[in-house]
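Some notes on the structure that comes next.
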Amino acid sequence: MVKSNILEKFGDNLKQLRKVKGISQEQLAEKANMHRTYIGMIERAEKNITLLNIAKIANALDTKIANLFDE
């Protein structure tokens with residue numbers, strides 16, 4: 001299913017970028033003004049994230065939105 005594939009890829013990319021930055025889910029959530037469990041759910045492809053929240057996360061990671069979608 002395309003929906004789960006894109007959610008899984010986004011979650012994997014988010015987790016990888018977060019770890020490269022050396023920050024925890026809790027730290028990212030605080031920087032993005034989100035709840036830690038929401039970040040975890042995104043990383044596990046359990047939530048279909050909105051564009052506004054993608055922008056918040058990219059900003060918190062100091063990266064471009066496109067980097068969260070790179071293959």
Side-chain angles (χ1 to χ4, degrees):
M1 179 179 190
V2 173
K3 181 178 178 182
S4 68
N5 288 341
I6 194 166
L7 294 176
E8 288 170 6
K9 185 63 179 167
F10 184 88
D12 289 344
N13 288 347
L14 171 57
K15 186 174 184 177
Q16 181 180 359
L17 283 169
R18 179 179 58 75
K19 288 186 172 193
V20 165
K21 298 284 183 174
I23 61 174
S24 67
Q25 288 180 348
E26 187 171 346
Q27 290 168 318
L28 174 58
E30 187 175 313
K31 290 177 95 174
N33 196 28
M34 296 177 178
H35 198 277
R36 181 202 51 80
T37 58
Y38 184 65
I39 298 295
M41 292 174 84
I42 295 166
E43 289 185 359
R44 292 187 304 274
E46 296 172 355
K47 283 288 183 186
N48 189 356
I49 186 171
T50 67
L51 289 172
L52 292 174
N53 285 340
I54 291 170
K56 286 180 184 180
I57 288 172
N59 186 48
L61 289 171
D62 194 31
T63 192
K64 294 179 181 179
I65 290 173
N67 292 336
L68 293 166
F69 291 96
D70 282 346
E71 290 294 320

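This one's a predicted model, so the numbers in the text were calculated from it and none came from an experiment.
- For Gln27 against Gly22, the heavy-atom pair with the smallest separation is OE1-O, 4.1 Å.
- Gln16 contributes atom CD, which lies 12.5 Å from atom NZ of Lys21 (distance to the nearest 0.5 angstrom).
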Taking it one step at a time, do Asn5 and Glu8 satisfy side chain to side chain contact (heavy atoms under 4.5 Å, CB included)?
CA-CA 5 Å; Asn5 288 341; Glu8 288 170 6; 4.1 Å; yes
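- In this structure, Ile39 CD1 and Ile49 CD1 are separated by 6.5 Å, a value rounded to the nearest 0.5 Å.
- Note: Asn13 CG to Ile42 CD1 = 13.0 Å, rounded to the nearest 0.5 Å.
- Between the side chain of Arg44 and the backbone N or O of Gly40, at least one donor-acceptor pair lies under 3.5 Å.
- In the hydrophobic clustering of ILVMFWY residues, with side-chain heavy atoms under 4.5 Å counting as a link, Ile54 and Leu52 come out apart.
- The number of heavy-atom neighbours closer than 6.0 Å to CD of Glu30, taken from other residues, nucleotides and ligands shown, is 12 or below.
- Nearest heavy atom pair, residue Glu43 against residue Leu14, reads CG-CD2, 3.9 Å.
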Could you check Ile57 against Arg18 for side chain to side chain contact (heavy atoms under 4.5 Å, CB included), going step by step and ending with a plain yes or no?
CA-CA 10 Å; Ile57 288 172; Arg18 179 179 58 75; over 6 Å; no
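- Taking all atoms of both residues into account, the shortest heavy-atom contact from Lys31 to Ala60 is NZ-O, 3.5 Å.
- Residue Asp12 holds its CG atom at 6.5 Å from NZ of Lys9, rounded to the nearest 0.5 Å.
- In this structure, Arg36 CZ and Leu28 CG are separated by 12.0 Å, a value rounded to the nearest 0.5 Å.
- Atom CD of Glu26 has 12 or fewer neighbouring heavy atoms from other residues, nucleotides or ligands inside a 6.0 Å radius.
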Step by step, would you call Leu51 with Ile65 a side chain to side chain contact (heavy atoms under 4.5 Å, CB included)?
CA-CA 9 Å; Leu51 289 172; Ile65 290 173; over 6 Å; no
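- Side-chain N or O atoms of Lys47 include none that pairs as donor or acceptor with a backbone N or O of Met41 at under 3.5 Å.
- Residues Leu61 and Val20 are not in side-chain contact: their nearest non-hydrogen atoms beyond the backbone lie 4.5 Å or more apart.
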